[in-house]
Number of protein chains: 2
Amino acid sequence: MDSSPEHICADEVTISKKEYGLPSSDVLLKMCNIFKSLQSETRLNILFLLSNNDLCVRELELALGVSQSAISHSLRLLRQLDLVRVKKEGRFAVYSIADKHVEQLINVCQEHVLEE
Amino acid sequence: MDSSPEHICADEVTISKKEYGLPSSDVLLKMCNIFKSLQSETRLNILFLLSNNDLCVRELELALGVSQSAISHSLRLLRQLDLVRVKKEGRFAVYSIADKHVEQLINVCQEHVLEE
DNA sequence: TCTATATATGAACATATATTCATATGATTA
DNA sequence: TAATCATATGAATATATGTTCATATATAGA
């Protein structure tokens with residue numbers, strides 16, 4: 001925003017978290033946890049698959065070639081963060097994307113990568 | 001999508017990565033790296049601060065109460081992923097947000113957290 | 001009921017990550 | 001040209017994460 005050749009560095013008195021309106025540490029922590037959950041190739045793949053179809057654990061396992069246990073652990077994390085939802089259908093646990101935010105997150109990120 | 005009481009689980013023959021149009025492993029890896037970089041409270045705070053003002057390292061250090069070294073390491077990662085940009089102004093390194101995708105990512109995530 | 005299928009989860013281990021510490025470089029000021 | 005300020009970075013260490021292994025539970029079918 002400043003195009004002058006010399007930056008003016010604010011001092012300690014001028015700078016404080018509050019002036020810049022940072023989110024509360026509670027919100028920040030939750031955001032971290034969400035991004036944490038998106039940093040894994042397995043979980044990212046799960047979300048891509050679920051954004052096309054609701055799928056059960058076995059189907060995710062077959063599609064991704066990852067062990068049932070690993071898929072299940074991944075789904076637990078995504079569930080806890082409300083990024084996916086489950087409904088029990090007989091012996092199957094059918095998973096789906098929780099809401100549009102989740103799709104937006106992976107779409108925006110994919111755009112950023114593709115537009116390099 | 002299916003509201004019948006019983007899920008029909010696809011078998012191995014039916015399921016394949018290609019049918020579901022998963023992104024290439026190259027793209028997926030880059031996406032992981034971006035989300036990885038957003039999973040840290042320090043880096044998330046840096047991005048919130050930079051989305052308001054371009055700031056030098058010293059200012060980020062003062063605003064966040066995190067060591068110069070830690071800030072600098074964090075900025076390197078964000079730089080490498082093209083989430084922030086630097087311009088040298090005298091002895092200062094002034095950082096700014098790279099593009100709108102970055103702001104979209106943190107905004108969408110914040111919305112998701114706040115709408116619980 | 002016995003067996004197979006589908007899923008979940010605790011524990012453990014290998015790997016990855018974040019911060020600190022020490023130090024190096026380059027720019028500014030005295 | 002010393003001394004100081006601003007920044008960068010390699011190494012080390014403490015902590016976090018992902019997967020595997022073993023095992024438990026619940027449903028379905030024979």
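The chains referred to below are lettered A, B, ... by the order of the sequence lines, with proteins before strands, and numbering in each begins at 1.
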_Residue whose closest nucleotide on DNA chain D lies nearer the 5' end, A/Ser40 versus B/Arg79_ = B/Arg79
*Residue closer to the 5' end of DNA chain C, A/Arg76 versus A/Ala93 (nearest nucleotide)*: A/Ala93
*Can you check whether A/Lys36 has a side-chain N or O nearer than 4.0 Å to OP1 or OP2 of D/dT17?*
yes
_Measure NZ/A/Lys88 against P/D/dT27 and give the value in whole Å, please._
7 Å
*Are side-chain heavy atoms of A/Lys36 and B/Lys36 found at a separation under 4.5 Å?*
no
*What is the nucleic acid contact for B/Ser72, judged by heavy atoms within less than 4.0 Å: base, sugar-phosphate only, or nothing?*
base
*Roughly, in whole Å, what's the span from CD in A/Gln68 to P in D/dG18?*
17 Å
*Give a yes or no on whether a donor-acceptor pair under 3.5 Å exists between the nucleobase atoms of D/dC21, that is its base, and the side chain of A/Ser67.*
no
*The single option from B/Val27, B/Ile34, B/Asp26 passing side chain to side chain contact (heavy atoms under 4.5 Å, CB included) against B/Lys30*: B/Asp26
*Hey, does the side chain of B/Asn53 reach the backbone of B/Leu55 with a donor-acceptor pair shorter than 3.5 angstrom?*
no
*Rounding to a whole Å, what distance do you find between B/Glu61:CD and D/dA6:C1'?*
9 Å
*Taking NZ, NE, NH1 and NH2 as the nitrogens, is one of them in B/Glu61 or B/Arg58 under 4.0 Å from a carboxylate oxygen of the other?*
yes
*Separation of B/Leu62 atom CG from D/dC5 atom P, in whole Å?*
13 Å
*asked:* Classify B/Cys9 by what it touches in the nucleic acid, base, sugar-phosphate, or nothing, heavy-atom distance under 4.0 Å.
replied: nothing
*Quick one: how far along DNA chain C does chain A reach, first to last nucleotide 5' to 3', anything under 4.0 Å to a heavy atom?*
C/dT5 to C/dA11
*Base, sugar-phosphate, or nothing: which does A/Ala70 touch, judged by heavy atoms less than 4.0 Å apart?*
base
_Using a 3.5 Å distance criterion without hydrogens, assess whether the side chain of B/Arg43 forms a donor-acceptor pair with backbone atoms of B/Ser37._
yes
*Give the rounded distance in Å between these two atoms: CG of B/Leu75 and P of D/dA6.*
15 Å
*asked:* I need the CG-C1' distance between A/Leu77 and D/dT17, as an integer number of Å.
replied: 10 Å
*Go through the steps to decide whether B/His7 and A/Glu59 satisfy the test side-chain hydrogen bond (donor to acceptor under 3.5 Å, both in side chains), and finish with yes or no.*
CA-CA 11 Å; B/His7 176 74; A/Glu59 288 168 317; 2.9 Å; yes
*Which atom names give the shortest non-hydrogen contact between A/Pro23 and A/Leu28, and what distance separates them?*
CG-CD1, 3.6 Å
*Over how many whole Å does the gap from A/Asp11 atom CG to D/dA6 atom P extend?*
11 Å
*When only distance counts, do a donor and an acceptor, one from the side chain of A/His73 and one from the base of D/dT20, lie under 3.5 Å apart?*
yes
*Rounded to the nearest Å, what distance is computed from the NZ atom of residue B/Lys87 to the P atom of nucleotide D/dA6?*
18 Å
